There are 2 protein chains.
Amino acid sequence: MAEYKNQFQQLILDLKTNYIPSVSIDFVIFGFHDGQLKVLLLRWKGTDEWSLPGGRIRHEEDLQAAAYRSLNERTGLSEIFLQQFHTFGDVVRYINFSQQETLAKLGLPEDLASEVMGRDVSVGYYALVEFANVIPSPDFFTEECRWWDIDQIPPLLFDHNSMVTLALKTLRRQLSYQPIGYKLLPDKFTMPDLQQLYETILGQSLDRRNFQKRMLGYGILERLEERKTGGAHKAPYLYRFDKEKYQQALADETLFVG
Amino acid sequence: MAEYKNQFQQLILDLKTNYIPSVSIDFVIFGFHDGQLKVLLLRWKGTDEWSLPGGRIRHEEDLQAAAYRSLNERTGLSEIFLQQFHTFGDVVRYINFSQQETLAKLGLPEDLASEVMGRDVSVGYYALVEFANVIPSPDFFTEECRWWDIDQIPPLLFDHNSMVTLALKTLRRQLSYQPIGYKLLPDKFTMPDLQQLYETILGQSLDRRNFQKRMLGYGILERLEERKTGGAHKAPYLYRFDKEKYQQALADETLFVG
DNA sequence: TCAAAAGTGTTTAGCATACACCCATGC
DNA sequence: GCATGGGTGTATGCTAAACACTTTTGA
């Protein structure tokens with residue numbers, strides 16, 4: 001326990017020295033697997049309390065760079081779809097009952113705890129990652145890091161439940177005017193693969209033919225000669241993103257639903 | 001000059017005591033007047049450098065409350081349309097040439113200046129206000145506060161030009177799925193009034209008949225018996241927002257263009 | 001009486017939706 | 001050969017866009 005307290009003091013020193021105060025980052029990391037949308041959560045040491053992964057910003061580090069770095073530390077991924085969606089700054093989000101209880105369970109001395117648990121403004125990012133590639137790793141305060149089904153998320157610490165809700169809402173809206181899929185699907189993928197990604201995110205099924213028409217209409221897909229063999233049924237065509245046009249579409253989103 | 005330096009030290013003390021560090025707020029305040037869209041800018045003391053108005057967050061103050069308070073201090077307005085649009089956190093935005101020049105012109109001792117000019121993460125808000133009601137007042141660093149035509153904005157300090165650009169882009173998009181106009185137009189207004197507001201924001205003209213159909217289709221307008229007299233031409237009907245339905249529409253934005 | 005603004009309705013086109021049949025493959 | 005999934009085109013409806021004439025009013 002003295003060991004733990006010592007580590008904790010080290011952490012505080014590191015935070016004070018290398019990171020800017022009052023600002024944190026929180027992540028809603030969406031994972032896509034098996035037709036299910038999942039969110040990565042952390043369980044706090046010695047408790048049953050879960051929260052979103054987070055991070056802080058170093059001096060001389062850009063906000064976005066801090067976001068990518070933190071996300072990499074938590075998931076091992078480096079090339080990801082990452083999007084800022086809202087900045088949360090309510091004071092009350094830090095003064096809820098469960099958090100005080102949690103602090104007690106963590107066994108942190110109150111004077112030390114208040115040093116890292118002060119009131120922050122938090123920049124919310126959501127990420128879309130390939131489920132299978134993630135190597136989740138907990139941070140100092142937490143001991144477990146795992147995926148939760150989007151519709152089975154427990155009550156979270158702080159205001160993290162509303163963060164998840166808003167992130168999902170933003171992601172779904174974004175889907176209607178921005179292309180999504182690059183770095184989330186393998187280089188070559190089939191139309192049903194892409195459709196399943198969309199259906200998973202939207203939480204509803206879509207018409208195959210209309211979906212295909214819409215996607216091809218965007219003009220960012222390139223159909224290959226190859227087909228995907230080995231499946232149990234008719235071999236579907238493989239597609240690839242036309243990276244140039246994909247980036248173009250990301251840039252001037254007006255191409256999609258003006 | 002000693003007086004000034006003294007005031008400045010007072011300011012630093014106030015900032016350190018009452019406000020959280022590392023986070024600031026910047027405002028893109030859009031004013032609507034005479035078929036022109038304008039932005040409120042501040043000129044820094046003794047210089048020709050302009051910037052957006054800003055603010056900081058008190059301890060124990062919600063982010064949004066801080067935004068409303070700061071905006072009120074700068075414009076005198078309290079009931080306004082205020083919307084968070086992005087959080088800016090690049091480091092370089094603080095190390096550009098013109099700013100160092102500006103500091104020199106301000107005549108601030110470098111060691112003191114660095115205390116308030118450190119690297120911040122800034123939450124961007126845009127506001128829509130009724131031009132005529134605003135009483136612009138500069139802050140400690142600035143001596144002039146006035147409206148600029150949206151297409152004649154000079155090069156601004158920091159990354160404020162890109163803030164304006166993004167704010168405008170966000171506002172225009174928002175216009176397609178949220179109602180706008182309440183607290184911006186007088187209680188009773190005509191359809192051409194409302195249309196001019198939209199045209200001003202979008203920077204393009206719209207078809208009268210289609211516009212009217214769309215607005216009435218939203219079901220948030222109530223047509224009054226009265227007409228607006230005194231104009232030089234045919235008297236237009238007056239309308240009023242159905243406040244209940246207006247708020248409803250703001251809440252579930254899905255009513256508009258899903 | 002003329003110019004300028006406001007009221008109003010219909011036609012058209014484009015896009016999203018709904019929908020059904022044939023083909024390939026593994027079991 | 002059959003079940004499963006994948007490939008493809010057309011008909012329909014709704015919403016947005018285009019468009020013109022009449023009315024009111026003050027000058």
Side-chain angles (χ1 to χ4, degrees), chain A residues 34-35 172-173 175-179 185-186 188-200 202-240 249 253-258, chain B residues 34-35 172-173 175-179 185-186 188-200 202-240 249 253-258:
Chain A
D34 232 10
R172 284 179 175 166
R173 176 174 305 157
L175 212 54
S176 68
Y177 59 82
Q178 285 206 346
L185 294 171
K188 301 171 183 176
F189 53 89
T190 67
M191 193 58 75
D193 288 341
L194 186 61
Q195 183 173 347
Q196 202 194 27
L197 173 63
Y198 272 69
E199 289 181 339
T200 302
L202 293 174
Q204 62 181 259
S205 55
L206 303 168
D207 181 273
R208 272 181 320 132
R209 291 153 289 191
N210 295 334
F211 180 80
Q212 172 152 351
K213 253 179 296 179
R214 186 150 62 95
M215 289 301 135
L216 294 179
Y218 291 159
I220 57 173
L221 290 178
E222 183 188 353
R223 177 148 122 184
L224 308 175
E225 290 304 313
E226 293 174 80
R227 286 160 173 260
K228 180 181 185 174
T229 56
H233 307 289
K234 181 170 181 178
Y237 284 102
L238 286 169
Y239 291 84
R240 191 191 326 184
E253 314 150 24
T254 45
L255 280 185
F256 296 73
V257 177
Chain B
D34 232 8
R172 284 178 176 167
R173 175 173 308 156
L175 212 54
S176 68
Y177 58 83
Q178 283 204 348
L185 294 170
K188 300 172 183 177
F189 53 89
T190 68
M191 193 58 75
D193 289 341
L194 185 62
Q195 182 171 348
Q196 202 194 29
L197 173 63
Y198 272 69
E199 289 180 339
T200 302
L202 292 174
Q204 62 180 257
S205 55
L206 304 168
D207 181 272
R208 271 179 20 235
R209 291 153 290 188
N210 294 334
F211 180 79
Q212 173 153 351
K213 253 179 294 178
R214 187 151 62 95
M215 289 302 135
L216 294 179
Y218 291 159
I220 57 174
L221 289 178
E222 184 188 354
R223 176 149 125 184
L224 307 175
E225 290 304 312
E226 294 175 78
R227 285 159 173 261
K228 180 181 185 176
T229 56
H233 307 288
K234 183 172 182 177
Y237 283 103
L238 286 168
Y239 291 83
R240 191 189 328 182
E253 316 152 20
T254 47
L255 280 184
F256 295 74
V257 178

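None of the values given here were measured: they were computed from a predicted structure. Reminder, nothing fancy here: chain letters follow the sequence lines and each chain counts from 1.
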| field | Test side-chain contact (heavy atoms from CB on, under 4.5 Å) applied to A/Arg223 and A/Leu216, step by step | value | CA-CA 9 Å; A/Arg223 177 148 122 184; A/Leu216 294 179; 5.9 Å; no

| task | Please confirm whether any donor atom in the side chain of B/Lys213 sits under 3.5 Å from an acceptor in the base of C/dT10, or the reverse. | result | yes

| Rounded interatomic separation in angstrom, taking CD from A/Gln196 and P from D/dT4 | 17 Å

| message | Using only modelled atom types and a 3.5 angstrom limit, is any donor from either the side chain of A/Asp207 or the base of C/dA16 paired with an acceptor on the other? | response | no

| task | For B/Arg227 and for B/Arg208, locate the closest nucleotide of DNA chain D by heavy-atom distance; then report the residue assigned to the nucleotide nearer the 5' terminus. | result | B/Arg208

| message | Using the rule given for side-chain contact (heavy atoms from CB on, under 4.5 Å), can you reason through B/Tyr239 versus B/Leu194, listing the C-alpha separation, both sets of side-chain angles and the distance that settles it, and then say yes or no? | response | CA-CA 10 Å; B/Tyr239 291 83; B/Leu194 185 62; over 6 Å; no

| task | Write down the distance between OH (B/Tyr218) and C1' (D/dA16), rounded to a whole number of angstrom. | result | 11 Å

| message | Nearest to the side chain of B/Asn210, heavy atoms from C-beta on, is which of C/dG9, D/dG7, D/dT24? | response | C/dG9

| message | Between P on D/dG6 and CZ on A/Phe211, what's the gap in Å once rounded to a whole number? | response | 13 Å

| Roughly how many Å is it from CD in B/Glu199 to C1' in C/dA5, rounded to a whole number? | 13 Å

| request: Examine the base of D/dG7 for any acceptor or donor lying under 3.5 Å from a partner atom in the side chain of A/Arg209, and report the outcome as yes or no. | output: no

| request: Please determine if a side-chain N or O atom of B/Arg223 lies less than 4.0 Å away from the OP1 or OP2 oxygen of C/dT8. | output: yes

| said: Between B/Leu175 and B/Arg172, does the side-chain contact (heavy atoms from CB on, under 4.5 Å) criterion hold? Intermediate values first, please. | reply: CA-CA 5 Å; B/Leu175 212 54; B/Arg172 284 178 176 167; 5.5 Å; no

| For the base of C/dA4, is there a side-chain donor-acceptor partner from B/His233 under 3.5 Å away? | yes

| B/Glu199 side chain near B/Phe211 side chain, heavy-atom distance below 4.5 Å | no

| said: I need the CG-C1' distance between A/Leu238 and D/dG7, as an integer number of Å. | reply: 14 Å

| Interatomic distance, B/Leu238 atom CG to B/Glu222 atom CD [nearest 0.5 angstrom] | 11.5 Å

| query | Roughly, in whole Å, what's the span from NZ in B/Lys228 to P in D/dT25? | reply | 15 Å

| query | Could you give the CZ-to-C1' distance, from A/Arg214 to C/dC15, as a whole number of Å? | reply | 11 Å

| message | I need the residues from residues 188-195 of chain B with at least one non-hydrogen atom less than 4.0 Å from DNA chain D; give them sorted by number, or say none. | response | none

| query | Given A/Tyr218 and A/Met215, is the side-chain contact (heavy atoms from CB on, under 4.5 Å) satisfied, shown in steps? | reply | CA-CA 5 Å; A/Tyr218 291 159; A/Met215 289 301 135; 4.1 Å; yes

| query | Rounded to whole angstroms, how far apart are CE on A/Met215 and P on C/dA16? | reply | 11 Å

| task | Kindly point out which of D/dC19, C/dG7, D/dG7 is positioned nearest to the side chain of A/Tyr237? | result | D/dG7

| field | Straight-line distance of B/Asp207 CG to B/Gln212 CD, nearest 0.5 Å | value | 10.5 Å

